[in-house]
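One structure is given below, encoded as C-alpha coordinates.
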Amino acid sequence: PHAVLEKAHAEGVTGFPLVPTMAAMLATLEGLSPDRLPPLRYITNAAAHLPPAHIQALRALFPAARIYSMYGLTECARASFLAPEELDRHPTSVGKALPGTEALVVDEDGNEAEADVTGELVIRGPHVMQGYWNNPEATALALRNAPDGSGRRLHTGDLFKRDAEGFLHFVGRRDEVVKIRGEKVSPRQVDAVLAACPGVREALSFTTPDPVFGHRLDALIVADDPGLTGRMLARHCKHRLPDTMVPKSFIFQAELPKTANGKPSR
(Lines give C-alpha, C1' and ligand atoms only; values in the text may rest on other atoms or scores of the structure.)
Protein backbone atom coordinates (compact mmCIF):
# COMPACT_ATOMS: atom_id res chain seq x y z
CA PRO A 1 0.00 0.00 0.00
CA HIS A 2 2.77 2.47 0.79
CA ALA A 3 4.36 1.87 -2.61
CA VAL A 4 1.06 2.44 -4.40
CA LEU A 5 0.46 5.73 -2.60
CA GLU A 6 4.01 6.92 -3.23
CA LYS A 7 3.70 6.10 -6.93
CA ALA A 8 0.31 7.83 -7.13
CA HIS A 9 1.79 10.91 -5.43
CA ALA A 10 4.76 11.00 -7.80
CA GLU A 11 2.48 10.74 -10.85
CA GLY A 12 -0.08 13.26 -9.60
CA VAL A 13 -2.91 10.70 -9.64
CA THR A 14 -6.30 12.28 -8.93
CA GLY A 15 -8.68 9.29 -9.28
CA PHE A 16 -8.41 6.06 -7.29
CA PRO A 17 -10.66 3.02 -7.92
CA LEU A 18 -10.61 0.39 -5.16
CA VAL A 19 -12.45 -2.53 -3.55
CA PRO A 20 -13.24 -2.84 0.20
CA THR A 21 -10.16 -4.98 0.88
CA MET A 22 -7.93 -2.17 -0.37
CA ALA A 23 -9.80 0.34 1.78
CA ALA A 24 -9.24 -1.89 4.81
CA MET A 25 -5.51 -1.95 4.12
CA LEU A 26 -5.35 1.84 3.76
CA ALA A 27 -7.29 2.27 7.01
CA THR A 28 -4.53 0.52 8.98
CA LEU A 29 -1.57 2.47 7.59
CA GLU A 30 0.30 4.63 10.04
CA GLY A 31 2.82 7.43 9.69
CA LEU A 32 1.43 8.79 6.43
CA SER A 33 2.22 12.48 6.01
CA PRO A 34 -0.25 14.50 3.89
CA ASP A 35 2.56 15.79 1.68
CA ARG A 36 3.26 12.20 0.49
CA LEU A 37 -0.36 11.39 -0.41
CA PRO A 38 -1.75 11.82 -3.93
CA PRO A 39 -4.06 14.83 -4.50
CA LEU A 40 -7.18 12.73 -5.05
CA ARG A 41 -10.31 14.35 -6.46
CA TYR A 42 -12.38 11.17 -6.22
CA ILE A 43 -12.37 7.57 -4.98
CA THR A 44 -14.61 4.89 -6.47
CA ASN A 45 -15.50 1.66 -4.71
CA ALA A 46 -16.95 -1.51 -6.21
CA ALA A 47 -17.56 -5.19 -5.30
CA ALA A 48 -19.41 -4.43 -2.00
CA HIS A 49 -20.30 -1.36 0.01
CA LEU A 50 -17.65 0.17 2.25
CA PRO A 51 -18.06 -0.30 6.01
CA PRO A 52 -18.59 3.07 7.74
CA ALA A 53 -15.24 2.79 9.57
CA HIS A 54 -13.42 2.50 6.22
CA ILE A 55 -15.33 5.48 4.83
CA GLN A 56 -14.16 7.57 7.78
CA ALA A 57 -10.58 6.37 7.34
CA LEU A 58 -10.59 7.34 3.65
CA ARG A 59 -12.05 10.73 4.45
CA ALA A 60 -9.31 11.30 7.03
CA LEU A 61 -6.58 10.39 4.53
CA PHE A 62 -8.10 12.22 1.55
CA PRO A 63 -10.38 14.99 2.89
CA ALA A 64 -10.75 16.64 -0.54
CA ALA A 65 -11.77 13.43 -2.34
CA ARG A 66 -15.37 12.63 -3.23
CA ILE A 67 -16.23 8.97 -2.52
CA TYR A 68 -18.45 7.10 -4.98
CA SER A 69 -19.83 3.74 -3.87
CA MET A 70 -20.52 1.70 -7.01
CA TYR A 71 -21.63 -1.75 -8.14
CA GLY A 72 -20.36 -3.61 -11.15
CA LEU A 73 -19.17 -6.94 -12.48
CA THR A 74 -16.90 -8.03 -15.30
CA GLU A 75 -19.83 -8.56 -17.67
CA CYS A 76 -20.82 -4.88 -17.61
CA ALA A 77 -18.01 -3.02 -15.79
CA ARG A 78 -20.30 -0.74 -13.74
CA ALA A 79 -24.07 -0.63 -13.29
CA SER A 80 -24.86 1.76 -10.43
CA PHE A 81 -23.36 4.52 -8.31
CA LEU A 82 -24.15 6.40 -5.13
CA ALA A 83 -23.51 10.13 -5.31
CA PRO A 84 -21.05 11.30 -2.62
CA GLU A 85 -23.63 13.64 -1.08
CA GLU A 86 -25.88 10.61 -0.42
CA LEU A 87 -23.17 8.55 1.30
CA ASP A 88 -24.04 9.55 4.87
CA ARG A 89 -27.77 9.06 4.30
CA HIS A 90 -27.44 5.69 2.54
CA PRO A 91 -24.11 4.21 3.76
CA THR A 92 -25.04 0.61 2.86
CA SER A 93 -26.32 1.38 -0.65
CA VAL A 94 -24.58 1.20 -4.03
CA GLY A 95 -26.94 3.86 -5.34
CA LYS A 96 -29.04 3.85 -8.46
CA ALA A 97 -28.49 2.84 -12.10
CA LEU A 98 -25.94 4.75 -14.17
CA PRO A 99 -27.39 7.10 -16.82
CA GLY A 100 -28.51 5.07 -19.83
CA THR A 101 -28.58 1.89 -17.74
CA GLU A 102 -31.49 -0.16 -16.44
CA ALA A 103 -30.86 -1.97 -13.13
CA LEU A 104 -33.86 -3.81 -11.73
CA VAL A 105 -34.44 -6.20 -8.83
CA VAL A 106 -36.62 -9.03 -10.18
CA ASP A 107 -38.42 -12.05 -8.74
CA GLU A 108 -38.15 -15.67 -9.86
CA ASP A 109 -40.43 -14.94 -12.86
CA GLY A 110 -38.31 -12.00 -14.03
CA ASN A 111 -40.82 -9.34 -12.98
CA GLU A 112 -39.75 -6.31 -10.94
CA ALA A 113 -39.86 -7.04 -7.21
CA GLU A 114 -41.56 -4.79 -4.67
CA ALA A 115 -39.49 -2.45 -2.50
CA ASP A 116 -37.58 -4.19 0.32
CA VAL A 117 -38.08 -7.62 -1.28
CA THR A 118 -34.92 -9.57 -2.09
CA GLY A 119 -34.48 -10.60 -5.72
CA GLU A 120 -31.86 -10.90 -8.45
CA LEU A 121 -30.37 -7.78 -10.02
CA VAL A 122 -30.69 -7.65 -13.82
CA ILE A 123 -28.99 -5.04 -15.99
CA ARG A 124 -29.53 -3.66 -19.46
CA GLY A 125 -27.42 -1.03 -21.19
CA PRO A 126 -24.88 -0.34 -23.96
CA HIS A 127 -21.98 -1.56 -21.81
CA VAL A 128 -23.34 -5.08 -21.19
CA MET A 129 -21.28 -7.85 -22.78
CA GLN A 130 -22.36 -9.54 -26.01
CA GLY A 131 -21.76 -12.98 -24.51
CA TYR A 132 -19.15 -15.42 -23.25
CA TRP A 133 -16.53 -16.32 -25.84
CA ASN A 134 -17.34 -19.68 -27.47
CA ASN A 135 -19.75 -20.58 -24.65
CA PRO A 136 -23.36 -20.32 -25.89
CA GLU A 137 -24.74 -22.27 -22.91
CA ALA A 138 -23.32 -19.84 -20.35
CA THR A 139 -24.37 -16.90 -22.53
CA ALA A 140 -27.97 -18.13 -22.68
CA LEU A 141 -28.04 -18.47 -18.90
CA ALA A 142 -26.66 -14.97 -18.25
CA LEU A 143 -28.44 -13.05 -21.05
CA ARG A 144 -32.18 -13.77 -20.98
CA ASN A 145 -35.20 -12.11 -22.52
CA ALA A 146 -37.40 -9.96 -20.28
CA PRO A 147 -40.98 -11.27 -19.71
CA ASP A 148 -42.43 -8.22 -21.48
CA GLY A 149 -40.47 -8.96 -24.66
CA SER A 150 -38.38 -5.80 -24.39
CA GLY A 151 -35.11 -7.62 -25.08
CA ARG A 152 -32.25 -9.36 -23.32
CA ARG A 153 -31.01 -8.46 -19.86
CA LEU A 154 -27.92 -9.51 -17.95
CA HIS A 155 -28.74 -11.71 -14.95
CA THR A 156 -26.00 -10.94 -12.45
CA GLY A 157 -26.54 -13.78 -9.98
CA ASP A 158 -26.40 -11.16 -7.21
CA LEU A 159 -29.22 -10.69 -4.72
CA PHE A 160 -30.37 -7.13 -4.03
CA LYS A 161 -33.11 -5.12 -2.38
CA ARG A 162 -34.49 -1.78 -3.57
CA ASP A 163 -35.63 0.56 -0.82
CA ALA A 164 -38.65 2.87 -0.96
CA GLU A 165 -36.52 5.67 -2.47
CA GLY A 166 -35.17 3.43 -5.23
CA PHE A 167 -31.67 2.95 -3.80
CA LEU A 168 -30.11 -0.46 -4.40
CA HIS A 169 -28.71 -2.55 -1.53
CA PHE A 170 -26.49 -5.57 -2.12
CA VAL A 171 -27.57 -8.68 -0.15
CA GLY A 172 -25.24 -11.41 -1.44
CA ARG A 173 -24.40 -13.84 -4.19
CA ARG A 174 -27.23 -16.22 -5.07
CA ASP A 175 -24.80 -19.16 -4.96
CA GLU A 176 -23.53 -18.10 -1.49
CA VAL A 177 -26.92 -18.16 0.22
CA VAL A 178 -27.32 -21.26 2.39
CA LYS A 179 -30.01 -22.71 4.60
CA ILE A 180 -29.29 -22.99 8.32
CA ARG A 181 -32.03 -24.54 10.46
CA GLY A 182 -34.43 -23.98 7.57
CA GLU A 183 -33.67 -20.26 7.21
CA LYS A 184 -31.90 -18.62 4.27
CA VAL A 185 -28.65 -16.97 5.36
CA SER A 186 -26.42 -14.64 3.33
CA PRO A 187 -22.85 -14.68 4.70
CA ARG A 188 -22.23 -11.21 3.27
CA GLN A 189 -24.89 -9.74 5.56
CA VAL A 190 -23.06 -11.30 8.50
CA ASP A 191 -19.75 -9.88 7.20
CA ALA A 192 -21.24 -6.37 7.21
CA VAL A 193 -22.42 -6.66 10.83
CA LEU A 194 -19.05 -8.00 11.95
CA ALA A 195 -17.17 -5.24 10.10
CA ALA A 196 -19.20 -2.67 12.04
CA CYS A 197 -17.96 -4.03 15.38
CA PRO A 198 -15.31 -1.77 16.98
CA GLY A 199 -11.89 -3.36 16.74
CA VAL A 200 -12.62 -5.36 13.57
CA ARG A 201 -10.60 -4.49 10.48
CA GLU A 202 -11.97 -7.23 8.21
CA ALA A 203 -14.36 -10.16 8.61
CA LEU A 204 -15.36 -13.12 6.47
CA SER A 205 -18.09 -15.57 7.46
CA PHE A 206 -18.33 -19.02 5.91
CA THR A 207 -20.28 -22.25 6.26
CA THR A 208 -19.05 -25.64 7.40
CA PRO A 209 -20.95 -28.97 7.49
CA ASP A 210 -23.01 -29.65 10.60
CA PRO A 211 -24.24 -33.18 11.41
CA VAL A 212 -27.55 -31.92 12.84
CA PHE A 213 -28.48 -28.76 10.90
CA GLY A 214 -26.65 -29.41 7.62
CA HIS A 215 -24.59 -26.22 7.85
CA ARG A 216 -23.22 -23.91 10.52
CA LEU A 217 -21.74 -20.45 10.24
CA ASP A 218 -18.23 -19.52 11.41
CA ALA A 219 -16.17 -16.37 10.87
CA LEU A 220 -12.59 -15.31 10.24
CA ILE A 221 -11.63 -12.05 11.94
CA VAL A 222 -8.74 -9.64 11.31
CA ALA A 223 -8.67 -7.43 14.39
CA ASP A 224 -7.17 -4.01 15.09
CA ASP A 225 -7.83 -4.38 18.82
CA PRO A 226 -5.77 -7.13 20.50
CA GLY A 227 -8.31 -7.19 23.33
CA LEU A 228 -11.18 -8.22 21.06
CA THR A 229 -12.64 -11.64 21.95
CA GLY A 230 -15.04 -14.10 20.39
CA ARG A 231 -17.47 -13.50 23.23
CA MET A 232 -17.53 -9.77 22.48
CA LEU A 233 -18.17 -10.50 18.79
CA ALA A 234 -20.95 -12.97 19.61
CA ARG A 235 -22.63 -10.36 21.83
CA HIS A 236 -22.35 -7.75 19.06
CA CYS A 237 -23.96 -10.13 16.54
CA LYS A 238 -26.76 -11.30 18.85
CA HIS A 239 -28.00 -7.75 19.25
CA ARG A 240 -28.17 -7.24 15.47
CA LEU A 241 -28.86 -10.61 13.82
CA PRO A 242 -31.28 -13.50 14.20
CA ASP A 243 -29.82 -16.53 15.96
CA THR A 244 -29.38 -18.50 12.73
CA MET A 245 -26.99 -15.81 11.42
CA VAL A 246 -24.74 -15.57 14.49
CA PRO A 247 -21.43 -17.41 13.84
CA LYS A 248 -20.71 -20.32 16.14
CA SER A 249 -16.99 -19.63 16.27
CA PHE A 250 -14.64 -16.72 15.60
CA ILE A 251 -11.16 -17.46 14.27
CA PHE A 252 -8.61 -14.65 14.58
CA GLN A 253 -6.05 -14.38 11.77
CA ALA A 254 -3.45 -11.87 10.58
CA GLU A 255 -5.19 -11.59 7.19
CA LEU A 256 -8.07 -13.04 5.21
CA PRO A 257 -7.59 -15.52 2.37
CA LYS A 258 -7.69 -13.57 -0.89
CA THR A 259 -8.18 -14.24 -4.58
CA ALA A 260 -5.52 -13.22 -7.11
CA ASN A 261 -7.14 -9.77 -7.50
CA GLY A 262 -7.28 -9.12 -3.76
CA LYS A 263 -10.90 -9.95 -2.95
CA PRO A 264 -11.71 -12.07 0.15
CA SER A 265 -12.09 -15.72 -0.82
CA ARG A 266 -14.92 -17.41 1.04
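- The existence of a salt bridge linking Arg201 and Asp224 is confirmed by a sub-4.0 Å separation between a basic side-chain nitrogen and an acidic carboxylate oxygen.
- Residues Ile251 and Phe206 have side chains in contact (heavy-atom distance under 4.5 Å, counting atoms from C-beta outward).
- Between Gln130 and Leu143 the shortest heavy-atom distance is O-CD1, 3.6 Å.
- Judged by distance alone, with hydrogens and angles left aside, the side-chain atoms of Thr139 form a donor-acceptor pair with the main-chain N or O of Asn135 at under 3.5 Å.
- The shortest heavy-atom contact between Pro257 and Leu220 is CD-CD1, 3.6 Å.
- Shown here for Met22 and Pro17, the closest heavy-atom pair between the two residues is CE-O, 4.0 Å.
- Contact of the Ser186 side chain with the Leu159 side chain is not registered, since no non-hydrogen atoms from C-beta on lie closer than 4.5 Å.
- In this structure, His215 NE2 and Thr244 OG1 are separated by 14.0 Å, a value rounded to the nearest 0.5 Å.
- In this structure a side-chain-to-backbone donor-acceptor pair under 3.5 Å is present from Arg153 to Gly110.
- Defined by atom type and a distance below 3.5 Å, a donor-acceptor pair is missing between the side-chain atoms of Ser205 and Arg188.
- Counting all heavy atoms, side chain and backbone alike, Arg216 lies closest to Ile180 at C-CD1, 4.3 Å.
- For Asp109, the side chain to side chain donor-acceptor pair (under 3.5 Å) criterion is met by no residue, not counting sequence neighbours.
- A continuous path of Ile, Leu, Val, Met, Phe, Trp and Tyr side chains, each step under 4.5 Å between heavy atoms, connects Val200 with Met232, placing both in one hydrophobic cluster.
- With contacts defined as side-chain heavy-atom distances shorter than 4.5 Å, the pair Leu98/Arg78 qualifies.
- Counting only N and O atoms by type, the side chains of His239 and Arg235 include no donor and acceptor under 3.5 Å apart.
- Ser93 places a side-chain N or O within 3.5 Å of a backbone atom of Leu168 that can act as its donor or acceptor partner.
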Requested in this report: Please lay out, stage by stage, how Thr118 and Val105 fare under the test side chain to side chain contact (heavy atoms under 4.5 Å, CB included).
Outcome: CA-CA 8 Å; Thr118 299; Val105 179; over 6 Å; no
Query - Val117 vs Asp107, side chain to side chain contact (heavy atoms under 4.5 Å, CB included): CA-CA, chis, key distance, verdict - result: CA-CA 9 Å; Val117 174; Asp107 59 22; over 6 Å; no
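- Here CG of Leu61 is found 9.5 Å from CG of Leu40. Values are rounded to the nearest 0.5 Å.
- Leu241 approaches Met245 most closely through the heavy-atom pair CD1-O, 3.7 Å.
- Counting only N and O atoms by type, the side chains of Glu137 and Tyr132 include no donor and acceptor under 3.5 Å apart.
- Between Arg266 and Asp191, at least one side-chain nitrogen of the basic residue sits less than 4.0 Å from a carboxylate oxygen of the acidic one, meeting the salt-bridge criterion.
- The one candidate from Leu26, Asn45, Leu58, Ile67 that meets the side-chain contact (heavy atoms from CB on, under 4.5 Å) condition with Phe16 is Leu26.
- Residue Met25 qualifies as open at atom CE: its count of foreign heavy atoms under 6.0 Å is 12 or below.
- We find the OG-CD distance between Ser150 and Glu102 to be 6.5 Å, quoted to the nearest 0.5 Å.
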Query raised in the report: Does the side chain to side chain contact (heavy atoms under 4.5 Å, CB included) test come out yes or no for Val106 and Asn111, once each step is laid out?
Result: CA-CA 5 Å; Val106 301; Asn111 298 309; over 6 Å; no
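- Salt-bridge check for Lys161 with Asp163: failed, with every basic side-chain N at 4.0 Å or more from each acidic carboxylate O.
- Ion pairing between Glu112 and Arg162 holds under the 4.0 Å rule for side-chain N and carboxylate O.
- Inter-residue side-chain proximity for Cys76 and Leu73 is flagged as met; some heavy-atom pair is nearer than 4.5 Å.
- Residue Thr156 comes nearest to Leu121 through the heavy atom pair OG1-O, 2.8 Å, listed as atom of the first residue, atom of the second, then distance.
- A side-chain donor-acceptor contact under 3.5 Å links His236 to the backbone of Val193.
- Side-chain atoms of Ile43 and Tyr68, non-hydrogen and from C-beta on, never get closer than 4.5 Å to each other.
- Atom CG of residue Leu50 and atom CG of residue Leu87 lie 7.5 Å apart, to the nearest 0.5 angstrom.
- In this structure, Tyr71 has its ring center closer than 6.0 angstrom to the ring center of Phe160.
- In Glu255, the CD atom is not crowded: 12 or fewer heavy atoms of neighbouring residues, nucleotides or ligands sit closer than 6.0 Å.
- Cluster membership check: Ile221 shares its hydrophobic cluster with Leu217, using side-chain heavy-atom separations under 4.5 Å among Ile, Leu, Val, Met, Phe, Trp and Tyr.
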Report task. List the steps and the verdict of side chain to side chain contact (heavy atoms under 4.5 Å, CB included) for His90 and Leu82. Result -> CA-CA 8 Å; His90 301 279; Leu82 182 70; 4.3 Å; yes
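- In this structure, Thr92 OG1 and Phe170 CZ are separated by 12.5 Å, a value rounded to the nearest 0.5 Å.
- Taking the ring axis of Phe167 as reference, the NZ or CZ atom of Lys96 stays within 45° of it and closer than 6.0 Å to the ring centre.
- Two different hydrophobic clusters hold Val185 and Leu204 under the rule that ILVMFWY side chains link at heavy-atom gaps under 4.5 Å.
- The backbone N or O of Asp35 sits less than 3.5 Å from a side-chain atom of His9, completing a donor-acceptor pair.
- Side-chain contact between Asp158 and Glu120 is absent, with no heavy atoms from C-beta onward closer than 4.5 Å.
- Residue Gln56 places its CD atom among more than 12 non-hydrogen atoms of other residues, nucleotides or ligands, all under 6.0 Å distant.
- In this structure the side chain of His2 reaches within 4.5 angstrom of the side chain of Leu29, judged on heavy atoms.
- A single hydrophobic cluster is not seen to contain both Val222 and Leu18; linkage of ILVMFWY side chains at heavy-atom distances under 4.5 Å, directly or through other members, places them apart.
- Here CG of Leu194 is found 6.5 Å from CG of Leu233. Values are rounded to the nearest 0.5 Å.
- When side chains are defined from C-beta on, Pro99 counts as touching Phe81, because their heavy atoms get closer than 4.5 Å.
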